[in-house]
Amino acid sequence: MQRRKTTLAAKVVGCLALAAAIGGCSFMRAEPVGTAPERGNDEVLPSYDVIVVGSDPEGVAAAVSAARNGMTTLLADGGERDRLGGLATLGWLNSIDMNYGPKGEIVNRGIFLEWFEKLEGDSFDVETAAEAFRTLTDREQRLDVRLGLSGIEPIVTELGAGERTVTGIAATLPDGSRREIAAKAVIDATQDADVAAAAGVSHTVGREELGYDEHAMAATLVFRLNGVTSDVWKRVGKRLRSDDDPMTGANGRSAWGYDEMKHYDAVASDPNRVKMRGLNLGRQRGDTALVNALQIFGVDPLDPESKREARATAEAELPHIVDELRRRYPEFKGAALDASAPELYIRESRHIAAEYRLTIVDVCENRDQWDRIAFGSYPVDIQRMTPDEYGAVVCHPEKYAVPFRSLVPLGVDGLLVVGRAAGFDSLAHGSARVIPVGMATGQAAGAAARVAMEEGLTFRELASSEAAVARLQALLTKQGMSLRPFEAAPPAAFEGPEGDALRAMLRLGVAVGGYDNDFRLDEAASVASLLNVQRALHRKYPDAFPVDSREALERQASAEGKSTEALRQEPLRLSTAEALLARTLGLEADTRSAQAPAGFATDVADPEALRVGEQYRLVHAVMERLSLQ
C-alpha cells in the first residue's frame, strides 16, 4: 500500500508557459535559457527557469548542472543549514561509499568527480567538502544559492484526471517575508522528498512495500574525537591491518573495524534504543576523527520531535561510549569527546512512486536500462531496523543502471526527485542511496530540465521518448558523464533452475547473498528458515497468508507432539513444508492446496531434507498459484 500525503499546503496557481525551444547544446556551458541580472546577495527573483530544493550533494549537483546548461537557477534550502553539503558536511558523513566498475573505474563521473577530486580522498575533511561545494556553485553566474528559507511549499496546478504540475515554490525568506517564486521546473533534492510529498506524490515510507508499518533503518549521530594524533592514527592502522577479519582495514584517511564495540549494549543506558556497531573512522583536521557507529532505534524519520528526542538520547550516551572506547583500546586512552554532528543521519524515509521503481532484482542482476542516467555498484547495505536483528548485505552488484524514469514521480509533472528518496524500492535504495549515485541523478535532472524546455516536453513525455532521452544522454556525456550501454552477467544463482524463485524471495526481502553473492541455495533448509519466509509472506500478503508463522508453528508442533523449539531446529521435510504453508494460508494441515503443482516432488532430491533452493521453489509455486508477485 502506498501512502498519499499532503503534509504541506499545495497552493494552486496558473500554469507557466514553457520556454521557447532554443539551439542545441554542444559545449560544457550551454547558451542561456533565461537571464541573469545583477542582484544583491540575498535577493530572490520572482521566477527562475529551475528551482532546486535541498542542498545535499545531489542538490548541489542538480543546481550546478542546471546553471551550466544555461538556465537561471535557484538552490534553496531551509532549517538551520549554514553551508552546502547537507549530510556530507552537517551530518559529518565524511566517508564516500564509492561506486567502482569491474575494471576499478569510477562509474559516475561528471560533477561528482569534479567535486571528489577537490577532496583528500574517499574519506574527507568536512570543511574541505563544504569549500569544494561552494567552489562549484560560486562559479555559476546563473545560480543563486539561498539558505535559511523556511516553510518551503510547492505551488501546484491541478490538470484534471488526477494529474498535477508543479510551477514553483512558496517560501518565507530570512527577513520574514513570504514569497511565491515561479519556475519552469522544480527539482526535489530534499532528503525526504518533502516537495514531492507536499505536491501529492504517492510514496512508501521505510520498508512499507514489504509490509512493515513503521520500520526504517536505524538513525546515527556521528561524533568527533579529539586527541587523535598521527601516532594514534598509526596505531589504529596497525591494529586493523593486522586483524584477521578481511572486513577491517585502514588507510591514511579512514579506518574500519573494532567490531568488539558491538558488545557495548551490555553497558548501554538503554540497549533497546542505542547500540554500537564496528567503527567507521574518518580523519579530520586538527588531530580529530569522526566516528560513524552509533545506531539509534525507534526514530520516526518524518517527525521533527522524534528526531530531536533521538538526538538528545544519543548525546546523553556519547560520553559513556567514549569511556568504553578508551577502556577497550589503549590507542584511544588520550582521546576525548569533542562534538557531535549538527544533523542527525537519517538513512531512510520516503521512497516515491515513479514512472519506474528500481528493484532489488535490477540491482542484484546487474541490469542495464535503456534510459540510464547513472550507475551503481555499491553493496546493498541494509542496516538493522530494530535492536533485535542484524543488518545484511543482500548482494554486491558488479554494475547496474539507474533509469531516468526513476526520477519522474507519478501523478505530478514539472518535478523531478533525486537522491535517496527517488523511485527506488527500499532494498534497492540500500545501494542507490550513496553520494556518487545521488550526485549523478542530480546532474541528470539539471540537464533534463534543459532538454525538456528545448523539446517542448513535460518530464513525463521526456521519460517516454527514446529520442529525447538519447539527447539527454548525449548532453550528459558531453558534460563529463559516461553512459554507454553495458553487459554484466548476473550472479550464477540467477541462471539455474531456481532463478525465478530466488528473484521472488529477493522481492519478498528474505534472500541474502552477502558480499560474494552466495545465496546458499544448496545448503540444507530448516524449519526455521521456512518460518522466516512465512513471516515475510504474512507481513506482505496478510490477506493471502492470514496466520502468522508463530501460530502455524505451534499448531504443527502440537500435531506432531513436539516442542516448538525442537521442531524449529529440524531439517525441512517436504511434508512439513507443505503443512506449515497450509496453516499459514489458514487451511488445515492435511489440505493439499498448499502443495506446489503436480510434479514438484519429483524434482526434489530428498523429500526428507529440502535444500534452500527447493524451499524457495516451493514457496514461489504457492505464490504463483495465488497470483502474487
**Student:** For R109 and E114, what are the C-alpha separation, side-chain angles and deciding distance, and is it a salt bridge (charged side-chain N to carboxylate O under 4.0 Å, His left out)?
**Tutor:** CA-CA 8 Å; R109 301 175 67 83; E114 188 178 342; over 6 Å; no
**Student:** Less than 4.0 angstrom from a charged side-chain N to a carboxylate O is my criterion; do R367 and E365 meet it?
**Tutor:**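 E365 and R367: salt-bridged.
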**Student:** Report the residues that fulfil side chain to side chain donor-acceptor pair (under 3.5 Å) with Q369, sequence neighbours left out, ordered by chain and then residue number.
**Tutor:**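 Counting only residues at least two positions away or on another chain, Q369 forms a side chain to side chain donor-acceptor pair (under 3.5 Å) with R405.
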**Student:** Would you confirm whether R520, through its side chain, and G613, through its main-chain N or O, come within 3.5 Å as a donor-acceptor pair?
**Tutor:**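 No, R520 side chain to G613 backbone: no donor-acceptor pair under 3.5 Å.
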**Student:** List the atom pairs, donor and acceptor, that lie under 3.5 Å between side-chain atoms in residues 485-495 and the rest of the protein, sequence neighbours left out.
**Tutor:**
none

**Student:** List the steps and the verdict of side-chain contact (heavy atoms from CB on, under 4.5 Å) for L210 and Y212.
**Tutor:** CA-CA 6 Å; L210 296 177; Y212 292 93; 4.0 Å; yes
**Student:** Any side-chain donor-acceptor pair under 3.5 Å between N94 and S123?
**Tutor:**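 Yes, S123 and N94 have a side-chain donor paired with an acceptor closer than 3.5 Å.
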**Student:** Just wondering, do V186 and V50 contact through their side chains at under 4.5 Å, heavy atoms?
**Tutor:**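 With C-beta onward as the side chain, the pair stays apart.
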**Student:** For R617 and E498, run salt bridge (charged side-chain N to carboxylate O under 4.0 Å, His left out): C-alpha distance rounded to whole Å, both residues' side-chain angles, the deciding distance at 0.1 Å, then the answer.
**Tutor:** CA-CA 6 Å; R617 277 200 296 124; E498 286 146 356; 3.7 Å; yes
**Student:** For E343 and R81, what are the C-alpha separation, side-chain angles and deciding distance, and is it a salt bridge (charged side-chain N to carboxylate O under 4.0 Å, His left out)?
**Tutor:** CA-CA 9 Å; E343 290 190 8; R81 290 185 162 183; 2.7 Å; yes
**Student:** Quick one: does I360's side chain get under 4.5 Å of D425's, heavy atoms only?
**Tutor:**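 A side-chain contact is absent here, since even the closest heavy-atom pair is not under 4.5 Å.
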**Student:** Taking the side chain as every heavy atom from C-beta outward, state whether L84 and V145 have any atom pair closer than 4.5 Å.
**Tutor:**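 Yes - at least one pair of side-chain heavy atoms lies under 4.5 Å apart.
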**Student:** Taking the side chain as every heavy atom from C-beta outward, state whether F133 and S55 have any pair of such atoms under 4.5 Å apart.
**Tutor:**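 In short, these two side chains do not touch, never coming nearer than 4.5 Å.
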**Student:** Is any NZ, NE, NH1 or NH2 atom of the basic residue among E348 and R433 found under 4.0 Å from an Asp or Glu carboxylate oxygen of the other?
**Tutor:**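 No.
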**Student:** For R350, is there an ion pair with D192 - N to carboxylate O distance below 4.0 angstrom?
**Tutor:**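 Salt bridge flag = no for R350 with D192.
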**Student:** Does any non-hydrogen side-chain atom of M439 lie less than 4.5 Å from one of W115?
**Tutor:**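 Yes; the side chains approach each other to less than 4.5 Å.
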**Student:** What I'd like to find out is whether the side chain of W256 reaches to under 4.5 Å of the side chain of N292, using heavy atoms alone.
**Tutor:**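 SC-SC contact between W256 and N292 ruled out.
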**Student:** Quick check: are there more than 12 heavy atoms from other residues, nucleotides or ligands sitting under 6.0 Å from CZ of R285?
**Tutor:**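 Yes - once you tally the heavy atoms of other residues, nucleotides and ligands closer than 6.0 Å, there are more than 12.
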